[in-house]
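Every value quoted in this text rests on a predicted model; they were computed, and no experiment measured them.
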Amino acid sequence: MSTLIKNGQLLTNKGEFQKADIYIESGKIAEIGTNIEREAQEIIDAEGLLVSPGFIDLHIHLREPGGEKKETIETGTKAAAKGGFTTVAAMPNTRPVPDTKEQMDKLNKRIEEKAAVRVLPYASITIRELGQELTDFKALKEAGAFAFTDDGVGVQSAAMMLDAMKQAAEVNMPIVAHCEENTLINKGSVHDGVFAKEHGLNGIPSVCESVQIARDVLLAEAAGCHYHVCHISTKESVRVVRDAKRAGIKVTAEVTPHHLLLCDEDIPGLDPNFKMNPPLRGADDRDALIEGLLDGTIDFIATDHAPHTAEEKGEGMVLAPFGIVGLETAFPLLYTHFVEKEIFTLKQLIDYLTVKPAEAFSLQSGRIETGAEADLVLLDLNHKEKINPEKFLSKGKNTPFSGWDCKGWPVLTMVNGKIAWNRGSVKA
């Protein structure tokens, strides 16, 4: 199969637009240049569109197996493609958990059969994510595990985490951590801040997250392990990661679009679509996250796409499950509120979604160059529309951004040289 993308705009290393054609053959970029004249089975006119590397999201929940009412591999990866994501990493808090070679084999078979984009499956750190017994890291790596995490729960035992990091280091694999000290959760449903006080709710304090990160960076130093912090949310956490990096500890971190865009003071009443874990923190935390991303303390952006059913989210702020969806809205939200407002450059935003996650986890994706896999997204930076959850391809409609007016929408996504999603406005 050969494809020729004509008249697109590429972003140079200096952040400048450069008009170019891209010729794709057998799933790989074969040529980049101007006025390419080669026969192709498919020609795509990208006039007026930015051609970007496909986005990489290293923190999503596909819910399958066990949670198919919320999301499936098929619906979740279709949502990813619509959002411009060509590589995603799926968290292991499913039922059953991918904690053995047999379960990982079954999961990879499902992915191969149903996924619309590349899916990198996490394996759990502990059996059934119970924090009591380590999984077999070597066997799970051989079965195709991307990295190890008990996402959804923090590993409470320091001894268990140190053993996990030592085992991960032996097989040259990262430990990825949802950081939450259970004794400090306080039965909270929101941040221990302004909103919690106004509404008489139990709040989750910032130290619940930051104290476990502080513990873990020292354990990672002792074990010689790559340690990655999920969905960082507090100013104290940013400070700990910054200090750890200065000390030469191999630590990386991610931040979500919602933690960059919102704080607890933005929650409009008891709307469970604003309930996520970690919760929306204070305005000073949000500012620290933006600063941390800009100065390199935080490495990249990940959505923590967490779909739930309308019935679950309808249970109210206290009882509803934590989590919001994010795959289909991440780029337009970030482009509109950070690039358009000149907080990030376009080059920085694209890098946070492509080059940076690829570098942090030694992936080959996230670049447009000859010989690379043809994982691409075509973006219309001028197209403006409101976020409408009813148009989501994800089963989850649980977003706090419904009705937000955004610019910069994906119009076509290509994975391994094949169109994975097309809004219909691009002739192909």
Side-chain angles (χ1 to χ4, degrees), residues 1-25 27-38 40-56 78-87 116-117 327-340 344-355 365-370 372-387 391 393 405-428:
M1 178 71 182
S2 58
T3 302
L4 180 58
I5 300 175
K6 296 285 292 181
N7 307 314
Q9 296 285 340
L10 299 182
L11 204 59
T12 69
N13 289 331
K14 294 181 179 179
E16 299 169 345
F17 291 103
Q18 180 179 26
K19 197 161 189 176
D21 300 341
I22 301 174
Y23 181 71
I24 299 161
E25 196 168 34
K28 295 185 182 294
I29 297 172
E31 184 181 353
I32 303 169
T34 54
N35 300 315
I36 294 176
E37 298 292 340
R38 297 177 69 163
Q41 294 163 284
E42 187 172 56
I43 297 176
I44 297 171
D45 185 4
E47 184 71 44
L49 302 175
L50 174 66
V51 184
S52 165
F55 304 146
I56 299 168
K78 284 181 177 179
K82 185 181 177 184
F85 291 92
T86 55
T87 298
V117 302
L327 284 167
E328 294 170 72
T329 58
F331 185 82
L333 280 167
L334 294 165
Y335 179 78
T336 302
H337 293 278
F338 289 98
V339 177
E340 288 275 289
F344 303 158
T345 66
L346 178 58
K347 177 69 164 57
Q348 284 175 315
L349 176 56
I350 296 291
D351 283 356
Y352 294 146
L353 294 168
T354 59
V355 174
S365 310
R367 55 207 167 90
I368 296 178
E369 58 186 46
T370 304
E373 301 284 356
D375 291 357
L376 305 169
V377 56
L378 276 56
L379 299 161
D380 186 343
L381 299 180
N382 296 311
H383 179 71
K384 190 173 185 179
E385 67 177 80
K386 291 184 185 298
I387 292 173
K391 293 183 178 181
L393 297 185
D405 220 350
C406 294
K407 283 178 68 176
W409 290 84
V411 296
L412 184 145
T413 303
M414 178 177 287
V415 180
N416 197 29
K418 297 178 182 178
I419 294 174
W421 178 79
N422 186 351
R423 190 175 72 187
S425 58
V426 178
K427 292 182 180 180

Determine whether [X] and [Y] make a side-chain contact, defined as any pair of heavy atoms from C-beta on separated by less than 4.5 Å.
X: Gln18; Y: Gln9; answer: no
X: Ile368; Y: Val51; answer: yes
X: Asp380; Y: Arg423; answer: yes
X: Tyr335; Y: Trp409; answer: no
X: Val377; Y: Thr86; answer: no
X: Leu346; Y: Phe338; answer: no
X: Asp375; Y: Thr87; answer: yes

Do you know which two heavy atoms are closest between [X] and [Y], and how far apart they sit?
X: Val117; Y: Ala80; result: CG2-CB, 4.2 Å
X: Ile56; Y: Ser365; result: CD1-CB, 3.8 Å
X: Met414; Y: Ile24; result: SD-CD1, 3.4 Å
X: Val355; Y: Gly366; result: CG2-O, 3.5 Å
X: Leu11; Y: Leu50; result: N-CD1, 4.1 Å
X: Asp405; Y: Thr336; result: O-CG2, 3.9 Å

Just verifying a value: how many Å separate [X] [atom1] and [Y] [atom2], rounded to the nearest 0.5 Å?
X: Leu333; Y: Glu328; atom1: CG; atom2: CD; value: 12.0 Å
X: Cys406; Y: His383; atom1: SG; atom2: NE2; value: 10.5 Å
X: Ile387; Y: Thr329; atom1: CD1; atom2: OG1; value: 5.0 Å
X: Ile36; Y: Thr34; atom1: CD1; atom2: OG1; value: 8.0 Å
X: Leu49; Y: Leu412; atom1: CG; atom2: CG; value: 9.0 Å
X: Leu381; Y: Glu340; atom1: CG; atom2: CD; value: 8.5 Å

Quiz item: Checking side chain to side chain contact (heavy atoms under 4.5 Å, CB included) for the pair Glu25/Arg38: CA distance, chi angles, key distance, verdict?
Solution: CA-CA 11 Å; Glu25 196 168 34; Arg38 297 177 69 163; 4.2 Å; yes

Self-check item: Worked check of side chain to side chain donor-acceptor pair (under 3.5 Å) between Asp45 and Asn7
Solution: CA-CA 6 Å; Asp45 185 4; Asn7 307 314; 3.3 Å; yes

Quiz item: Checking side chain to side chain contact (heavy atoms under 4.5 Å, CB included) for the pair Thr370/Tyr23: CA distance, chi angles, key distance, verdict?
Solution: CA-CA 9 Å; Thr370 304; Tyr23 181 71; over 6 Å; no

Assess whether a salt bridge exists between [X] and [Y], defined as any Lys/Arg side-chain N lying under 4.0 Å from an Asp/Glu carboxylate O.
X: Arg367; Y: Glu369; answer: yes
X: Asp21; Y: Lys6; answer: yes
X: Glu47; Y: Lys19; answer: yes

Exercise. Show the numbers, then the answer: is there a side chain to side chain contact (heavy atoms under 4.5 Å, CB included) between Glu42 and Lys418?
Key: CA-CA 10 Å; Glu42 187 172 56; Lys418 297 178 182 178; over 6 Å; no

Quiz item: When you measure from the side chain of Gln41 to the backbone N and O of Ser2, does any donor-acceptor pair fall under 3.5 Å?
Solution: yes

Practice problem: Scan Val415, Thr413, Ile5, Thr3 and name whichever one has a side-chain contact (heavy atoms from CB on, under 4.5 Å) with Leu376. | Solution: Ile5

Exercise. Given side chain to side chain contact (heavy atoms under 4.5 Å, CB included), test Trp421 with Leu393 step by step and report yes or no.
Key: CA-CA 11 Å; Trp421 178 79; Leu393 297 185; 4.1 Å; yes

Quiz item: Quick one: are the ring centres of Phe85 and Phe331 less than 6.0 Å apart?
Solution: no

